[in-house]
Protein chains: 2
Amino acid sequence: MKDREAKKIPDREALPPAWEEKLRSGKVKVTPNRRRVLGRFLDADAPWTLKSLHRALNEGEACELSSVYRALSAFRTAGLLEEFRLPGKRETYYSLLRPSAGRRGQGKSSGHDHHHHHIVCQDCGTVSHLDVCVPTALLGRVEDASGFRVTEHHLEFKGLCGACR
Amino acid sequence: MKDREAKKIPDREALPPAWEEKLRSGKVKVTPNRRRVLGRFLDADAPWTLKSLHRALNEGEACELSSVYRALSAFRTAGLLEEFRLPGKRETYYSLLRPSAGRRGQGKSSGHDHHHHHIVCQDCGTVSHLDVCVPTALLGRVEDASGFRVTEHHLEFKGLCGACR
DNA sequence: GATGCAAATGCAAGCTACTTGCATCTAGGA
DNA sequence: TCCTAGATGCAAGTAGCTTGCATTTGCATC
Ligand SMILES: [Mn+2]
Ligand SMILES: [Mn+2]
Ligand SMILES: [Zn+2]
Ligand SMILES: [Zn+2]
């Protein structure tokens, strides 16, 4: 998809067709609000909170907090987002679940796909994405030790970023 | 101090000397409320939330929610507890940081020490403790990839327990 | 054993981060 | 174009802490 008219500006009024498709197949109607919400996740490859997203959106067009909230819930149900929480932080974070690294990045993919984890600076709060994941061997040990069938895991690191050391 | 009058009942009015010591050296005054709070962590080796702890305590003597809250904060500052949060749950969880496995368990140690992780049943909510931890090699990869110095991590698993499968 | 004060407690009020109800509007299939 | 399930704005409600303040208490000191 080396489409004509290369996108110079991340246009909030149009989403990559693959994502529109994902929304529709998840029974989620595509509206201007939702294009803006998803657009944010597509340009800024960072975790968002309800409030940070709302603030970011309202620097442009107005959009109600509760609508952002409902968009996030709908996207999560449709499997586009995952949520996580961090110790010491009150808010819920959301990050985009990218469709498992097609061999050719479309647009400004910043290098991680689908499931991944984060590290947060304990000083400045900067969040960085990590492509590392829990080794399969560890998952096996967890299942053996607990008798549970593991379906999901969440791993967060805390530390000092390059600037704050 | 192999004191006379061996403890037959886990008496909420007395704490193991090692723990009283930890409290005092952390500048935390030892009071009846705090003995009860810490006592709960000592008998039930499970994560507690502010509210679940408050409920459990008020089946015995009354104790204010805000006092439990402040006890938890003090204990955390003193390094006796760690807190964590789970995706999809609103409350903060606290679990005891046991002093790294002395060669002889005192009392009813249920088998894990200091830092560890948990798995939660997505059906019934049962929480199980895990002695597994993130491999050192993974920590190294995280530091290399992110440029952060890692100081802390949190790992939670979700799944189906033996009963719920 | 009495004293003094920093720290803990109870109680109430306040706050943040959602979460929901409802009347109105609209995306998108027929 | 029409119809209706679902989306939106607005406002009110709730959970889970969090803090202020007057009073009490642990405990170091005398
Ligand atoms: Mn990410
Ligand atoms: Mn535990
Ligand atoms: Zn930093
Ligand atoms: Zn279960």
Side-chain angles (χ1 to χ4, degrees), chain A residues 13-15 17 19-38 47-58 60-78 80-81 83-94 125, chain B residues 13-15 17 19-39 47-58 60-78 80-81 83-94:
Chain A
E13 298 309 313
L15 290 174
W19 288 101
E20 296 237 346
E21 170 53 27
K22 270 202 142 190
L23 287 176
R24 295 220 167 77
S25 75
K27 309 286 177 199
V28 176
K29 283 186 183 171
V30 179
T31 68
N33 274 344
R34 288 172 173 193
R35 267 190 277 261
R36 283 191 284 265
V37 170
L38 186 48
W48 292 95
T49 65
L50 174 59
K51 198 191 292 186
S52 71
L53 196 46
H54 182 235
R55 244 193 322 265
L57 291 173
N58 285 348
E61 327 263 321
C63 178
E64 256 301 303
L65 183 75
S66 63
S67 299
V68 179
Y69 171 75
R70 286 187 271 225
L72 291 172
S73 302
F75 291 179
R76 202 171 52 70
T77 301
L80 280 73
L81 296 180
E83 68 175 69
F84 59 95
R85 316 199 72 187
L86 298 172
K89 304 269 187 171
R90 305 184 53 163
E91 292 171 275
T92 300
Y93 292 77
Y94 299 84
Chain B
E13 299 309 313
L15 290 173
W19 287 101
E20 296 237 346
E21 170 54 26
K22 271 202 142 189
L23 286 176
R24 294 221 168 75
S25 75
K27 310 287 178 199
V28 176
K29 284 185 182 171
V30 179
T31 67
N33 275 343
R34 288 171 171 194
R35 266 190 278 261
R36 284 190 283 265
V37 170
L38 186 48
W48 292 95
T49 64
L50 175 59
K51 197 191 294 187
S52 70
L53 196 46
H54 182 236
R55 244 193 323 265
L57 291 173
N58 286 347
E61 328 262 322
C63 179
E64 256 301 303
L65 183 76
S66 63
S67 299
V68 179
Y69 171 75
R70 285 187 272 225
L72 291 171
S73 302
F75 291 179
R76 203 172 51 72
T77 301
L80 279 74
L81 296 179
E83 68 175 69
F84 59 95
R85 317 198 70 188
L86 298 172
K89 303 270 187 171
R90 303 183 56 161
E91 293 171 274
T92 300
Y93 292 77
Y94 299 84

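Residue numbers start from 1 in every chain, and the chains themselves are labelled A, B, ... in the order their sequence lines are given, proteins ahead of strands.
- Between the P atom of D:dG16 and the CD atom of B:Glu83 lies a distance of 16 Å, rounded to the nearest Å.
- Inter-residue side-chain proximity for A:Leu50 and A:Thr92 is flagged as unmet; no heavy-atom pair is nearer than 4.5 Å.
- For the pair A:Leu65 CG and C:dT20 P, the computed distance is 14 Å after rounding to whole Å.
- Side-chain N/O atoms of A:Thr31 include none lying less than 4.0 angstrom from OP1 or OP2 on C:dT26.
- Residues B:Trp19 and B:Leu80 have side chains in contact (heavy-atom distance under 4.5 Å, counting atoms from C-beta outward).
- Tested against A:Glu20 for a salt bridge (charged side-chain N to carboxylate O under 4.0 Å, His left out), the candidates A:Arg34, A:Lys29, A:Arg35 yield a single pass: A:Arg35.
- With D:dG9, C:dC18, C:dT16 as the candidates, the nucleotide lying closest to the side chain of A:Arg90 is C:dT16.
- The separation between A:Lys27 atom NZ and D:dG6 atom C1' is 13 Å, rounded to whole Å.
- The base of D:dC10 is paired with the side chain of A:Ser66 by a donor and an acceptor separated by under 3.5 Å.
- A:Glu91 has its CD atom 17 Å from the P atom of D:dG16, to the nearest Å.
- Among the nucleotides D:dC21, D:dG9, C:dA27, the one closest to any side-chain atom of A:Lys29 is C:dA27.
- Neither OP1 nor OP2 of D:dG16 sits under 4.0 Å from any side-chain N or O of B:Thr92.
- Whole-Å rounding puts the B:Arg76 CZ to D:dC17 C1' distance at 13 Å.
- Along DNA chain D, the nucleotide nearest to B:Val30 and the one nearest to A:Ala62 differ in position, and the one closer to the 5' end is contacted by A:Ala62.
- Dashed line: the shortest gap from a side-chain N or O of B:Tyr69 to OP1 or OP2 of D:dC17 is not under 4.0 Å.
- Going from atom CZ of B:Phe75 over to atom P of C:dA8 covers 10 Å, rounded to whole Å.
- On a pure distance criterion of 3.5 Å, no polar donor-acceptor pair joins the side chain of A:Arg24 and the base of C:dG29.
- A donor-acceptor contact shorter than 3.5 Å links the side chain of B:Asn58 to the backbone of B:Cys63.
- Within 4.0 Å of B:Arg34, counting heavy atoms only, lie sugar-phosphate atoms of the nucleic acid but no base atom.
- At least one side-chain nitrogen or oxygen of A:Asn33 sits closer than 4.0 Å to the OP1 or OP2 atom of D:dG9.
- Between B:Arg76 and B:Leu81 the shortest heavy-atom distance is CG-O, 3.5 Å.
- Distance, B:Leu72 CG to D:dT18 P: 11 Å, rounded to whole Å.
- Base engagement by B:Glu64 is indicated by at least one non-hydrogen atom pair under 4.0 Å involving a base atom.
- Closest to the side chain of B:Arg70, from the set D:dG16, C:dA27, C:dC11, is C:dC11.
- Nucleotide C:dA17 is matched to D:dT14 when pairs are restricted to Watson-Crick or G-U wobble geometry with both distances under 3.5 angstrom.
- In plain terms, the two heavy atoms of B:Glu91 and B:Lys51 that are nearest each other are OE2-CB, 3.5 Å.
- Whole-Å rounding puts the A:Asn58 CG to D:dC10 C1' distance at 14 Å.
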